[in-house]
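Keep in mind the model is a prediction, meaning the values are calculated, not measured.
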Protein chains: 2
Amino acid sequence: MATSTVENYIKRIFMDQPTGTGLMPLGRLAKIMNVVPGTATTMVKTLSESGLARYRPREGVRLTPAGEKLALHVLRRHRLIELFLVRVLGVDWSEVHPEAEELEHAISDKLLARIDELLGKPAFDPHGDPIPSAAGKLSRSRVQPLIACNAGARMRIARITDQDSRFLRYANSHGLVPGAKLHLKDRDAQGDSILVQVNGRKPLNLGSSAGAKIMVEPHAKARTKRAT
Amino acid sequence: MATSTVENYIKRIFMDQPTGTGLMPLGRLAKIMNVVPGTATTMVKTLSESGLARYRPREGVRLTPAGEKLALHVLRRHRLIELFLVRVLGVDWSEVHPEAEELEHAISDKLLARIDELLGKPAFDPHGDPIPSAAGKLSRSRVQPLIACNAGARMRIARITDQDSRFLRYANSHGLVPGAKLHLKDRDAQGDSILVQVNGRKPLNLGSSAGAKIMVEPHAKARTKRAT
DNA sequence: GTTTGTATTTTGAATACTCAAAATGAAAAT
DNA sequence: ATTTTCATTTTGAGTATTCAAAATACAAAC
Ligand SMILES: [Mn+2]
Ligand SMILES: [Mn+2]
Ligand SMILES: [Mn+2]
Ligand SMILES: [Mn+2]
């Protein structure tokens with residue numbers, strides 16, 4: 001059985017995996033995991049020995065199929081738990097992440113299946129992140145960050161890629177939630193800001209770092225089983 | 001912060017504490033925790049150093065007030081989670097114990113408070129075990145084992161003191177659940193068995209080991225906030 | 001009072017995870 | 001080609017938890 005530490009490493013390697021065949025450098029992994037570089041090296045060797053990752057010294061890590069399978073399993077638990085906490089227990093979406101970070105290692109498959117059923121086998125978590133299926137399939141929709149859109153674009157928010165509690169509260173208070181319709185009214189390249197209008201609300205200025213955290217998709221495309 | 005291992009030790013020391021001022025011998029603790037005796041010794045020294053227990057070598061352990069407080073906290077989490085799983089997720093009472101054994105270490109106080117509210121601040125878990133209050137008070141009702149009752153007694157089942165899945169399924173299938181009214185029709189000292197009638201059901205024979213696991217209380221005495 | 005038997009403790013070692021700091025590798029700058 | 005710089009790895013050590021097996025203490029039996 002994988003310890004919760006191993007599960008956390010595997011999950012983060014999977015999530016921050018550069019698309020394609022790229023290896024993740026261990027320095028990056030160390031930063032992500034909040035450990036010193038030497039710790040990451042040691043851990044990655046362990047993962048490698050247990051067949052969850054492949055490790056090229058001085059180059060980086062990549063998950064094996066077994067590692068990806070585990071990562072998807074943990075991710076599924078994390079996201080289903082988040083949605084459960086929001087829907088059933090009424091926890092605010094800005095607070096579910098740290099809870100799920102712990103519970104994802106403690107919940108049994110049996111219980112997870114019950115939660116999945118209770119929620120109607122949802123496809124997205126409260127932040128718009130896709131929930132891997134029980135079989136381990138992850139829907140990879142081609143969404144783009146809000147800052148990458150042209151002025152005048154009319155989009156729909158697909159997901160918020162930041163688990164920080166303050167940012168999530170801010171986003172929510174301005175209607176910036178998955179599913180919301182959004183009009184990019186203007187962009188100011190020099191001022192590093194964009195002007196958006198969410199649903200019928202007051203126009204809102206966002207800096208590029210905020211705009212980068214909001215992933216949007218074409219307006220028309222309706223997503224099934226939208227969450228939150 | 002106490003590790004989940006420490007929480008488990010403390011909880012079990014509390015639960016199997018001989019009433020009064022008795023110390024728990026470390027051999028007993030080792031058996032309860034499924035570790036070799038030497039491990040129990042080591043662990044108890046650690047608990048002692050962190051102020052959670054007092055340890056008399058060769059005699060045994062006793063929790064300090066700090067240890068009791070922690071034990072009650074863990075017990076509260078465990079029992080509230082069990083009831084939550086039964087009531088909200090529809091998990092069978094015979095399966096909640098192992099789940100709660102893990103989740104009790106992963107849930108936050110905030111989440112626990114939400115669950116407590118959602119359940120209406122219940123006083124008993126699915127097995128009839130009292131749930132310590134948030135302040136750490138544990139209602140100690142004077143219940144007695146079914147085998148200790150006289151023939152002819154009419155009682156009410158207060159709790160089932162066995163978390164074994166098979167026994168719980170058996171008990172449930174015969175109506176032996178907390179709150180059920182029960183008539184001890186006959187006892188056979190030599191045959192080591194008792195004859196009981198639960199509610200209006202067919203009389204049922206129980207051996208003494210089964211009868212010892214069923215705690216009963218006077219029929220009249222209604223318990224508030226009965227669970228399951 | 002000595003022997004025997006059992007409970008408990010000690011010792012030595014293992015696994016899992018982590019850090020500090022020294023050593024090393026390799027790319028970048030000169 | 002050498003030096004500088006920075007990322008990565010290695011080494012040594014510490015905490016937490018556990019076991020196997022030897023040592024010890026104590027009570028029970030003789
Ligand atoms: Mn986690
Ligand atoms: Mn999420
Ligand atoms: Mn536990
Ligand atoms: Mn219980």
Separation of atom CZ in R56(A) from atom P in dA26(C), rounded to whole Å: 13 Å
Derivation and outcome, side chain to side chain donor-acceptor pair (under 3.5 Å), residues S173(A) and R169(A): CA-CA 6 Å; S173(A) 72; R169(A) 272 200 303 274; over 6 Å; no
Touch class at under 4.0 angstrom, heavy-atom based, for V35(B) against every strand present: sugar-phosphate
Sugar-phosphate, base or nothing in reach of K45(B), heavy atoms under 4.0 Å: sugar-phosphate
Touch class at under 4.0 angstrom, heavy-atom based, for G38(B) against every strand present: base
Side-chain N,O (T5(B)) to OP1/OP2 (dT17(D)) below 4.0 Å: yes
Short side-chain N/O contact to dT10(D) OP1/OP2 from T42(A), under 4.0 Å: no
Derivation of the side chain to side chain donor-acceptor pair (under 3.5 Å) call for D188(B) and S193(B): CA-CA 5 Å; D188(B) 176 354; S193(B) 84; 4.7 Å; no
N/O (side chain, T39(B)) to phosphate O (OP1/OP2, dC19(D)) under 4.0 Å: yes
Sugar-phosphate only, base, or nothing, as touched by T46(A) at under 4.0 Å among non-hydrogen atoms: nothing
First of T41(B) and S4(A) reached from the 5' end of DNA chain C, by closest nucleotide: T41(B)
Main-chain N/O of L103(B) paired with R77(B) side-chain donor or acceptor, under 3.5 Å: no
Side-chain donor/acceptor of R58(A) to base of dT24(C), under 3.5 Å: yes
Distance-only polar pair, side chains of H78(A) and D125(A), donor-acceptor under 3.5 Å: no
N/O (side chain, Y9(A)) to phosphate O (OP1/OP2, dT18(C)) under 4.0 Å: yes
